[in-house]
Amino acid sequence: MSKRTKIKALLESTQTDIQVTVMGWVRTFRNNQFIALNDGSTNNNIQIVVDFENTDEALLKRITTGASLKVVGQLVASLGKGQKVEIKATEVEILGDSDPEKYPLQPKKHSLEFLREIAHLRFRTNTFGAIFRVRNSLAFAVHKFLQEKGFVYLHTPVITASDAEGAGEAFKVTNFDIANPPRTESGEIDYKQDFFGKATNLTVSGQLEGELGAMALSDIYTFGPTFRAENSNTTRHLAEFWMIEPEMAFYDLEDNMDLAEGLLKYVISYALENNREDLEFLSQRLQEEEKSKPQNERSEMSLLDKLQFCLDNSFERLTYTEAIDILKESTPNKKKKFQYLIEGWGADLQSEHERYLVEKHFKKPVILTDYPKEIKAFYMRQNDDGKTVRAMDILFPGIGEIVGGSQREERLEKLEQRMAEMGIPAEELWWYLDTRRFGSCPHAGFGLGFERLVLFVTGMGNIRDVIPFPRFPKNAEF
RNA sequence: UCCUGAGUAGCUCAGCCGGUUAGAGCAUCUGACUGUUAAUCAGAGGGUCGCUGGUUCGAGCCCAGCCUCAGGAGCCA
């Protein structure tokens, strides 16, 4: 294809009266002469002006919403208001027609629910263009931040054999004819004959393997897809999602929290700097959307203000025990407004409690630490009180838990004892325990839910709208 | 999985107490206009009322089951 200039560059061009070539998709065609063309490089369209009186009528009819075009013309200062520059077309070529009777996108507002059904085309809308450019920046910024700190990007396996991680239901991976799997004499499915010679599933977390890497490379992170076969039908769960899992040797919980907070702030500031226009658009979109909500449900801050606020304030850090005290004394608890009332120490925090702490009490991101060991995973480091573990959850407004992490139990005996208590088969995790046998050391790590981060930064309300092709119960289209 | 609500034209939605031929805006098509900004104006076409069964003289509307979607809860990131 002949050289073209991307629309983002043209709109920023200081030079005019030069010949340019653009390619993109038609958003609207107004007045038989004005094409709003978009190529995804920016949320803004470039206006193409067609000399319709001297253009073949058959060609004009093919300039329809969704069609892809190649346009050659002069980049000139715009005669009309609403844009600085426009292109006076000298040559318009239809690269791909788009039948207007069948093309589902119209130059109007569509519901997010409808766009979810045409996820293959929703990239062509302003909202989803902005979301996926922001998502890209956030992913890049995660790598940039960690790479600059000397972290090693470690590719942990997607297929795993251990089912002992306790992070939810896993999807089975098998080569068997599922209608007729080989069976043992006692009638059980004989996984010895399966592809891997044992039962395998898609990973629910790269953490345990990540720890193995950290115990040699010092600081590692994973950033890949993760799978949970939970029947979750919510705005913040997916069956396939992306997770960032740093694991650091010689880190305690404080270091862990500092890293997580630093990472979150860095990637948010990176997006604010590099995706200003997209975030302004999304901020406006959110404000429009909230107009239809009752006053008390609207957010106090605009999206941009909320992101900036998040950068300007340190996250509130407190222990689970302190949080319980606050919740016990809180108005909704006393007035029995909570669905689950806080009676005392030991209860798991429900969404309503987390939301109260983050959105009502502190009004900023909160890091809760030192949870009761009963409600946390086996690998978390036990505190001397015998009751709590060195866990930390970062709670964000509107999202809930965005990060879950801990200092890891590095003492072999303590770890084995906890595994026994929780019924985790030690023989399956012999390799994990080996790191505690040979040169064990204090270490820590966390998991950051990437889509939840994108949700927060874009101000979207449903996690299915911040991943290109969401996988959730009863849906694996596209 | 549980609770609540929804499913009517391509999209967003209205449809009275069960009663004749199911409506509107936008989109599409035809024509007009031609510096528009989701262009405007005039006209036209477009429906298995989610699916299955039931009640009734008669069902978009009532009943039962199922499917899908949305919001909330749980599981968690």
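Below, chains carry the letters A, B, ... as their sequence lines are ordered, and counting in each starts from 1.
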To the nearest angstrom, how far is [X] atom [atom1] from [N] atom [atom2]?
{"X": "A/Asn32", "N": "B/U30", "atom1": "CG", "atom2": "P", "answer": "12 Å"}
{"X": "A/Ile399", "N": "B/C76", "atom1": "CD1", "atom2": "C1'", "answer": "14 Å"}
{"X": "A/Asp348", "N": "B/A73", "atom1": "CG", "atom2": "P", "answer": "14 Å"}
{"X": "A/Glu169", "N": "B/U1", "atom1": "CD", "atom2": "P", "answer": "13 Å"}
{"X": "A/Glu117", "N": "B/A70", "atom1": "CD", "atom2": "P", "answer": "8 Å"}
{"X": "A/Asp393", "N": "B/A77", "atom1": "CG", "atom2": "P", "answer": "8 Å"}
{"X": "A/Ile463", "N": "B/G71", "atom1": "CD1", "atom2": "P", "answer": "12 Å"}
{"X": "A/Leu115", "N": "B/C69", "atom1": "CG", "atom2": "P", "answer": "16 Å"}

So what does [X] touch, heavy atoms closer than 4.0 Å: a base, only the sugar-phosphate, or nothing?
{"X": "A/Phe34", "value": "base"}
{"X": "A/Thr234", "value": "base"}
{"X": "A/Leu453", "value": "nothing"}
{"X": "A/Pro104", "value": "nothing"}
{"X": "A/Lys102", "value": "nothing"}
{"X": "A/Ile402", "value": "sugar-phosphate"}
{"X": "A/Gln339", "value": "nothing"}
{"X": "A/Arg27", "value": "nothing"}
{"X": "A/Gly447", "value": "sugar-phosphate"}
{"X": "A/Glu86", "value": "base"}

Within less than 4.0 Å of OP1 or OP2 of [N], is there a side-chain N or O belonging to [X]?
{"X": "A/Arg464", "N": "B/A70", "answer": "yes"}
{"X": "A/Ser232", "N": "B/C76", "answer": "no"}
{"X": "A/Gln106", "N": "B/G10", "answer": "no"}
{"X": "A/Ser351", "N": "B/G74", "answer": "yes"}
{"X": "A/Arg30", "N": "B/U36", "answer": "no"}
{"X": "A/Arg236", "N": "B/A73", "answer": "yes"}
{"X": "A/Thr28", "N": "B/U37", "answer": "no"}

Are the ring centres of A/Tyr340 and A/His353 closer than 6.0 Å? no
Is the distance between the ring centroids of A/Phe241 and A/Phe472 under 6.0 Å? no
Between A/Thr65 and A/Gln33, who's closer to the 5' end of RNA chain B by nearest nucleotide?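 Taking each residue's closest nucleotide, the earlier one in sequence belongs to A/Thr65.
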RNA chain B: 5'-proximal contact among A/Phe52 and A/Lys61 (nearest heavy atom):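 The residue closer to the strand's 5' end, by nearest nucleotide, is A/Lys61.
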Compare the minimum distances between each of [options] and the side chain of [X], then state the nucleotide with the smallest one.
{"X": "A/Phe114", "options": "B/U37, B/C69, B/U12", "value": "B/U12"}
{"X": "A/Thr235", "options": "B/U12, B/G71, B/U36", "value": "B/G71"}
{"X": "A/Asn231", "options": "B/U1, B/A77, B/A73", "value": "B/U1"}
{"X": "A/Lys88", "options": "B/U1, B/G35, B/C11", "value": "B/G35"}
{"X": "A/Ser111", "options": "B/U12, B/A73, B/C29", "value": "B/U12"}
{"X": "A/His110", "options": "B/C11, B/A38, B/A77", "value": "B/C11"}
{"X": "A/Asn31", "options": "B/U37, B/U68, B/U34", "value": "B/U34"}
{"X": "A/Pro100", "options": "B/U28, B/A77, B/C69", "value": "B/U28"}

Got A/Met460 and A/Thr127 here, is their nearest side-chain heavy-atom distance under 4.5 Å? yes
Between [X] and [Y] (salt bridge meaning N to carboxylate O under 4.0 Å), is one present in this structure?
{"X": "A/Glu288", "Y": "A/Lys109", "answer": "no"}
{"X": "A/Lys376", "Y": "A/Asp393", "answer": "yes"}
{"X": "A/Asp465", "Y": "A/Arg122", "answer": "yes"}
{"X": "A/Arg418", "Y": "A/Glu409", "answer": "no"}
{"X": "A/Glu401", "Y": "A/Arg452", "answer": "no"}

Is A/Phe241 stacked against the base of B/A77, taking the criterion as centroid distance under 5.5 angstrom and interplanar angle under 30°?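 Stacked: centres under 5.5 Å apart, planes under 30°.
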At less than 3.5 Å, do the side-chain atoms of [X] and the base atoms of [N] form a donor-acceptor pair?
{"X": "A/Glu113", "N": "B/G71", "answer": "no"}
{"X": "A/Glu230", "N": "B/G74", "answer": "no"}
{"X": "A/Gln47", "N": "B/U36", "answer": "yes"}
{"X": "A/Asn233", "N": "B/U1", "answer": "yes"}
{"X": "A/Arg452", "N": "B/C76", "answer": "yes"}

Heavy-atom pair with the smallest gap, counting every atom of A/Glu277 and A/Thr42: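 Looks like OE1-OG1, 3.5 Å.
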Does the ring of A/Phe29 carry A/Lys61 above it, NZ/CZ under 6.0 angstrom from centre and within 45° of its axis?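 No.
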When the [atom1] atoms of [N] and [M] are considered, how many whole Å apart are they?
{"N": "B/C16", "M": "B/G72", "atom1": "C1'", "answer": "32 Å"}
{"N": "B/U55", "M": "B/A38", "atom1": "C1'", "answer": "47 Å"}
{"N": "B/A44", "M": "B/C26", "atom1": "P", "answer": "14 Å"}
{"N": "B/C66", "M": "B/U30", "atom1": "P", "answer": "47 Å"}
{"N": "B/A6", "M": "B/A14", "atom1": "P", "answer": "10 Å"}

Report the distance from atom OH of A/Tyr320 to atom CG of A/Leu349, rounding to the nearest 0.5 Å.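 The OH atom of A/Tyr320 sits 5.5 Å away from the CG atom of A/Leu349.
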A/Phe123: which of A/Phe469, A/Phe128, A/Trp25 passes ring-ring contact (aromatic ring centres under 6.0 Å, His included): A/Phe469
Runs of at least three consecutive pairs that involve RNA chain B, where pairs are Watson-Crick or G-U with distances under 3.5 Å: B:1-7 with B:67-73, B:10-13 with B:23-26, B:28-32 with B:40-44, B:50-54 with B:62-66
